[in-house]
Amino acid sequence: MSESVTSGVRALSVASAFAGMRSVAPVRFRAGCPDCRGRFELTASALRLAIGASSRTTFYSFTCPDCGAAVRKPAGERVVELLTGGGVRTLRLQAP
């Protein structure tokens, strides 16, 4: 490992900084379809989060992998936290 000392600070290469890290499994979210009653897990890329000015206009959506229905569900503060933390793409809605 090459390192230099400048004012007591060590410079590390990117390779040495990430040495030993392993790949992380993608986050999966449990969901259900109100149409077909299917239960399944979805990756962040299968979900969309829309954040509006109020709780009525904040929701997440996905397409049911079992029946193909478009599903839209309300998202409270905790759900918004979990989805954004898990990498779900977010759309901020503007008030008219």
Side-chain angles (χ1 to χ4, degrees):
M1 172 169 85
S2 71
E3 56 183 62
S4 64
V5 178
T6 308
S7 303
V9 177
R10 292 183 182 180
L12 298 174
S13 69
V14 173
S16 63
F18 289 100
M21 290 187 74
R22 297 191 172 109
S23 64
V24 178
V27 176
R28 299 185 69 79
F29 298 93
R30 290 185 188 150
C33 177
D35 289 355
C36 72
R37 303 271 190 228
R39 294 259 180 233
F40 36 82
E41 290 186 351
L42 299 170
T43 61
S45 64
L47 294 158
R48 298 291 176 271
L49 174 63
I51 299 176
S54 71
S55 60
R56 285 185 164 185
T57 57
T58 300
F59 60 91
Y60 66 99
S61 62
F62 58 90
T63 301
C64 175
D66 293 343
C67 71
V71 179
R72 178 176 160 167
K73 295 188 175 187
E77 286 182 37
R78 181 69 178 139
V79 171
V80 169
E81 265 182 50
L82 293 170
L83 294 177
T84 55
V88 172
R89 282 187 265 177
T90 303
L91 172 67
R92 294 217 179 255
L93 304 175
Q94 294 181 346

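Everything numeric in this text was worked out from a predicted model, so none of it was measured. The first residue of the sequence shown is numbered 1, and numbering continues consecutively from there.
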Going from CG on L83 to CZ on R89, what distance comes out if it is rounded to the nearest 0.5 angstrom?
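CZ of R89 is found 13.5 Å from CG of L83.
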
Quick check: does any side chain N or O of T57 sit under 3.5 Å from a backbone N or O of S54, one acting as donor and the other as acceptor?
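It does hold such a pair.
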
Following the transitive rule for hydrophobic clusters with a side-chain heavy-atom cut-off under 4.5 Å over Ile, Leu, Val, Met, Phe, Trp and Tyr, establish whether [X] and [Y] coincide in one cluster.
X	Y	value
L82	V71	no
L91	F59	yes
V88	F40	yes
I51	L47	yes

I want to check something: taking the side chain as every heavy atom from C-beta on, are L42 and P65 in contact at a cut-off of under 4.5 Å?
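Counting from C-beta outward, L42 and P65 do come under 4.5 Å.
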
Please identify each residue that fulfils side chain to side chain donor-acceptor pair (under 3.5 Å) with S61, with sequence neighbours left out.
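Here no residue qualifies.
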
State, to 0.1 Å, how close C67 and C33 come at their nearest heavy-atom pair, and which atoms those are.
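Minimum heavy-atom separation between C67 and C33: SG-SG, 3.8 Å.
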
Y60 and A75: which non-hydrogen atoms are nearest, and at how many Å?
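Heavy-atom minimum between the residues: CD2-CB, 4.0 Å.
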
Partner residues of T84 under the side chain to side chain contact (heavy atoms under 4.5 Å, CB included) criterion, sequence neighbours left out
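Expected list: L49, V80, T90.
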
For R56, check salt bridge (Lys or Arg N to Asp or Glu O under 4.0 Å) against everything at least two apart and list the hits.
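Applying salt bridge (Lys or Arg N to Asp or Glu O under 4.0 Å) to R56 gives none.
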
The criterion is salt bridge (Lys or Arg N to Asp or Glu O under 4.0 Å); which residues satisfy it with R28, sequence neighbours excluded?
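Per chain and number, R28 pairs via salt bridge (Lys or Arg N to Asp or Glu O under 4.0 Å) with E41.
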
Test: salt bridge (charged side-chain N to carboxylate O under 4.0 Å, His left out). Region: residues 65-80. Which pairs qualify, not counting sequence neighbours?
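Those involving residues 65-80 are R78-E81.
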
